[in-house]
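To start, the structure under review is shown below, and the notes come after it.
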Amino acid sequence: MQLIYEQSVAGRRGVRLPVSDVPAATALPDNLLRREPAALAEVSELDLVRHFTNLSRRNYSLDTNFYPLGSCTMKYNAKALENAAGLFSSFHPMTALLPGGAEFCQGSLGLLYDLGQMLADITGMDEVTTQPLAGAHGEMTGILLIAAYHAAKGNKAKKKYVVVPDSSHGTNPASAAIAGYEVITVPTAPYGDMDIELFKKAMNDEVAAVMMTCPNTLGLFNPHIQEISDIAHGHDALMYYDGANLNAIMGKVKPGDVGFDVIHVNLHKTFGTPHGGGGPGAGPVGVKKALIPFLPQPRIVMDDDGQFLLEDHNPGSIGRTANFFGNFGVMAKAYAYIIMLGREGLIRVSEQAVLNANYIKERLKAYYDLPYDTTCMHECVFSAGKQLEHGVHAIDIAKFLIDKGYHPPTVYFPLIVKEAIMIEPTETESKATLDAFIEVMIEAALAAQTNPQQLLDAPLTTPVGRLDETKAAREQNVCCIG
Amino acid sequence: MAEMFFTKEHEWVKVKEGIGAIGISDHAAHELGDITFVELPKIGKTVKQFEVLAAIESVKAASDIFSPLSGTVVKINQALEDAPEIVNESAEDAGWMVWIEITDESELKNLMTQEQYSDYLKTL
Amino acid sequence: MNDSHYCPHTPEEIREMLSVIGVASVEELFSAIPAGLRAKTFNLPPGLSEFETLDTMKAIAADNSACLTSFVGGGYYDHLIPAAVDHLSGRAEFYTAYTPYQPECSQGTLQALFEYQTAICRLTGMDVSNASLYDGGTACAEAVMMALRVTGRNRVIVDGCLNPFSRQVLKTYLYNLDVEVVEIAPLDGTLNRAELAGLLDQSVAAVLVQNPNFFGCIEDFSVLAQQVHAVDALLIASVYPISLGLLVTPGEMGVDITVGDGQSLGNPLSFGGPSFGFIAAKKAYIRNMPGRIIGETVDKQGRRGFVLTLQAREQHIKRHKATSNICSNQGLCALRGLIFLSSIGRQGLVELARLNRDKAEYAKAQLAGIPGVTVLQSAATFNEFTIFLPKAADGVVMELLKKGIMAGVPLGQYYQGSENCLVLTVTEKRSKKEIDRLVRELEVALCN
Ligand SMILES: Cc1ncc(COP(=O)(O)O)c(C=O)c1O
């Protein structure tokens, strides 16, 4: 397909601007003016519409294809959520920050406050900040809160490390490093959880935090989680919960009840807000009481009359992690999602997410290696080890699935499983969809034995075949010249 | 031909008249896949044995390159900046990365000979 | 079972699935969670239909005042959004996809983001752009982190004219790192260049400025760029994209890293988010860029296609050594930015920028006519400018809010001694009539 710039015709435009009702201003001095207008596309509205409509058709998406991308919780995004967010699109965030302005945006402030309360209930935390703009941003915020906690106790210099299991998502060590910590990685034991003996060895009084997700990225709930928390707390290290896998446990167990002190939740995973082809998400962070003094500002509080106010004068705060109140539009959707599903609905979400993952796991384990063969939570991780014997890699199975109309599962993550295939079906898929997917996965496993070339050649049905990533990385054409 | 010595991290060094030429083994280059970038140190940088000397990237991996010996960088293989694929094509020859002036040749005892390295690869 | 539309199994299907798994109940699947750890309370209310849900949401939205006429900016701007932006970005194939990990079935997102990167480069005059960051403030912080890596130094100079929220975000990012941030107090609403010159030396990693700045002032940073480069430091500029319809680009001034908030490009105000942050740099720094980058390549048949490239910088490969921890970005908002820029087009952006400046200059002249009001004259301005009131701005703003006007951002809480200053923003959406009303009401408020 042509680039939009390749369709440009000088003088064409996609939208007409209103005529000015004020006199023209005197021109700016030359040194403040750009020499030439930016070479943006010049297309008619229809050309624009065709271009982006046709581009969109080159995507697989949740609304068009089953999308069992492990760790990403690609559940159906209810259409009502879009309508809900639209109700708030015209409100300026500065309104709340003007003197006397809070009175004029009680709806928006109240929504954020109530969302925080509901998330606190779901996660077992005491207070939630809605500022962080995605999961990783929440991680960084959370680790900075932990840093502030240690600093307040006079332990800033002493606390140097953050401990993560080797199954952790890349953002965990990256966030810890950005927040100023060195990272200690603890290997996973053969039973699929962080090796508890090695964990004990790794722990000392210089550890600031332990970052975990539970269930972990293998889809397993760690039954020793309370013991791990206790050990960490024994060294005055705080427990950080990566909420990316919260979809498995809503109403079943609360991270705050099993020793976690800080949590982020990915609203774009667990709470049904669309992922937008890469974002925006939102990563609100919940904390236990001891960390409230360090929360980002401004904090939304409710006074005795039920009015929502901003509190901005807390010397202990880590400051601001975003310019305003976080990705409000995403939060409006998550709010609508939570009240729409309600208590029973959210419990059912977790139950059926877990049911679906176990169903797929059982039906596929005769065909694919299952390195950790126990009851899983909301996702299961296979390995293409068997297929590799025929020269077929996880990536080849992924490409075969594309030809069959499925978005592939996550492959090559978690890093500790060779040729990993990580399947997260979510609760919103019907049994019929799961069965059809399972059939295709079985077909791929059989093809790996009988006709591996078919897998190596896939995909054949897409607008482009496998792309030369080496060329892209060596040549770095990241913007259209001309 | 100077003798080659190897590290467990798959770097090699060839020593001649106090100078060590350093690169990564054929095995390592193969494991990394298509190499897209080699980050070379500045001339004059000093390193201790097994400290980070350079870095290398392929499409889906990034790894540090550790110096097999202590020394000071005296020359770098500029050709790799524009053509990192040389490392894939000739890891143990034209794909050399750095020359160092060796501080302490006795450190060679901490490295593997060609033969030992071949045996080591079999254990992986 | 009021939520069965999102959890579609029938009881019969659930039974079948359980029997395949070989367990008697769904509850059994949760047996890994020790009984003692189970949630004791779960207090959310019962669920609702989507109709009741929307009624509830409408009631919440109704607690906001819908009819305020806005003359505030502060980094978020009330601009026109062509209808096509909503409709095209609202295509489910875009908004219900994930990050484009599998390029063959994600060419729509990938090509769009490549076009976005191109638009950002052309707009800013820079060589390379990534596929978006979270917002303007975090983009400032990421740019500074990038400069710290490039230079290996740990001192940053920040112009106090930079948006105070972005300055706070930067400080939060650096909260637990060994980095010194030196803030230069504004001089008449512009960069205090003499003070900066005194601070510039080989210890400085970067200088961070904003154009137009928080006071609305436009500055030429060309000479500054040379001074910064003379000590091998990097110049980072945060810019307002709409202003680049007219203003000298960061690229032309010699800026090394350009950042900003893309909200003004087709993203609604939405109480502060989501929008997107952009970051663009000179080509030499591409390997130090944070976040996703889309690159052009070909398939085996030579067909052009696009992929996520230079991934070895990123957290999923480099983990604690990654150039950033960012994973999800604000891709859909960046797509909106691209559609906006492609709709408005080359000449349209110039006109839009002019329209903004014309309206602001008109408002400025009218306000200057109010007895006791003076306009900050130290530099030319775009669509924001600062005025001095004869009394504290806070009270005046509160007065005008009651009249349904957001008159501007009082500077007192951001700059000591500026209690009488007010920054006003006038975008193309403000009519002459609205401006005239602001002037009248302000005059009345000042008389009280
Ligand atoms: C386990 C895990 N942790 C953290 C993250 C990061 O979340 P985000 O993309 O919202 O920054 C992800 C997202 O892929 C994840 O799967």
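Sequence lines set the chain letters: A, B, ... in the order given, protein chains first and strands last, and positions in each chain run from 1.
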For the residue pair A/Asn59 and C/Thr109, confirm or rule out a side-chain donor-acceptor distance under 3.5 Å. yes
Top contributor to chain A contacts, counting heavy-atom pairs under 4.5 Å, from C/Ile326, C/Ile286, C/Ile293: C/Ile286
Would you call C/Pro410 and A/Leu98 a side-chain contact if the rule is heavy atoms closer than 4.5 Å? yes
So which residue, A/Ser89, A/Ala177, A/Gly180, A/Gly319, ends up with the most heavy-atom pairs under 4.5 Å with chain C? A/Ser89
Name the region of A/Phe104, side chain, backbone, both or neither, that has any atom closer than 4.5 Å to a heavy atom of chain C. both
With chain A, the option among C/Gln330, C/His316, C/Glu361 that has the most non-hydrogen atom pairs under 4.5 Å is C/Gln330
Examine whether an atom of A/Ile122 lies under 4.5 Å from a heavy atom of chain C, and if so say whether it belongs to the side chain, the backbone or both; otherwise answer neither. both
Heavy-atom side-chain proximity of C/Thr118 to A/Leu3 below 4.5 angstrom: no
Relative to chain A, which of C/Ile14, C/Asp127, C/Ile60 shows the most heavy atom pairs under 4.5 Å? C/Ile60
Measure distances from A/Ser108 to the heavy atoms of chain C and classify the residue's part below 4.5 Å as side chain, backbone, both or neither. both
Taking side chain as C-beta onward, heavy atoms only, is A/Met140 less than 4.5 Å from C/Tyr173? yes
Contact leader toward chain C among A/Ile402, A/Val183, A/Val258, A/Asn358, where contacts are heavy-atom pairs under 4.5 Å: A/Asn358
Between C/Phe114, C/Tyr101, C/Tyr362, which shows the greatest number of heavy-atom pairs under 4.5 Å with chain A? C/Phe114
Honestly, the part of A/Glu139 sitting under 4.5 Å from a heavy atom of chain C is neither
Tell me, side chain or backbone of A/Thr410 under 4.5 Å from chain C's heavy atoms, or both, or neither? neither
Heavy-atom distance under 4.5 Å to chain C: side chain of A/Leu97, backbone, both or neither? both
Gap separating the CD atom of C/Glu13 from the CD atom of A/Gln352, nearest 0.5 angstrom: 9.5 Å
Which bit of A/Phe221 is near chain C, if near means a heavy-atom gap under 4.5 Å: side chain, backbone, both or neither? both
Give, as side chain, backbone, both or neither, the part of A/Ile339 having an atom under 4.5 angstrom from any heavy atom of chain C. both
Distance from A/Leu28 atom CG to C/Ile218 atom CD1, nearest 0.5 Å? 5.0 Å
Note, A/Gln476 side chain near C/Thr309 side chain (heavy atom, < 4.5 Å): no
Part of A/Arg35 lying under 4.5 Å from any heavy atom of chain C: both
Point-to-point distance, once rounded to the nearest 0.5 Å, from OG of C/Ser106 to CZ of A/Arg58: 12.0 Å
Checking side-chain polar atoms at under 3.5 Å, does A/Asn83 have a donor or acceptor matched by the opposite partner on C/Glu50? no
Does any backbone or side-chain atom of A/Val464 lie under 4.5 Å from a heavy atom of chain C? Answer side chain, backbone, both or neither. both
Which bit of A/Ser90 comes within less than 4.5 Å of chain C, counting heavy atoms only: side chain, backbone, both or neither? backbone
Using side-chain heavy atoms (C-beta onward) and a distance below 4.5 Å, is A/Leu55 in contact with C/Glu115? yes
Under a 4.0 Å N-O cut-off, is there an ion pair linking A/Asp21 with C/Lys359? yes
Under 4.5 Å to a heavy atom of chain C? For A/Met118 that would be both
If we define contacts as heavy-atom pairs under 4.5 Å, which of A/Thr53, A/Val330, A/Thr64 has the most with chain C? A/Thr53
Verify whether the ring centers belonging to A/Phe324 and C/Phe165 lie closer than 6.0 Å. yes
For A/His268, is it the side chain, the backbone, both or neither that has a heavy atom under 4.5 Å from a heavy atom of chain C? side chain
Can you confirm whether A/Arg57 is buried at CZ, in the sense that more than 12 heavy atoms of other residues, nucleotides or ligands lie under 6.0 Å from that atom? no
Taking the side chain as every heavy atom from C-beta outward, state whether A/Cys480 and C/Arg122 have any atom pair closer than 4.5 Å. yes
Regarding C/Glu104 and A/Lys399, does a basic nitrogen lie under 4.0 Å from an acidic carboxylate oxygen? yes
Quick check on A/Leu32 against chain C: is it the side chain, the backbone, both or neither that has a heavy atom closer than 4.5 Å? both
For a quick check under 3.5 Å, do C/Thr297 and A/Asp468 share a side-chain donor-acceptor pair by atom type? no
Mind checking whether C/Tyr134 and A/His137 have ring centres under 6.0 Å apart? yes
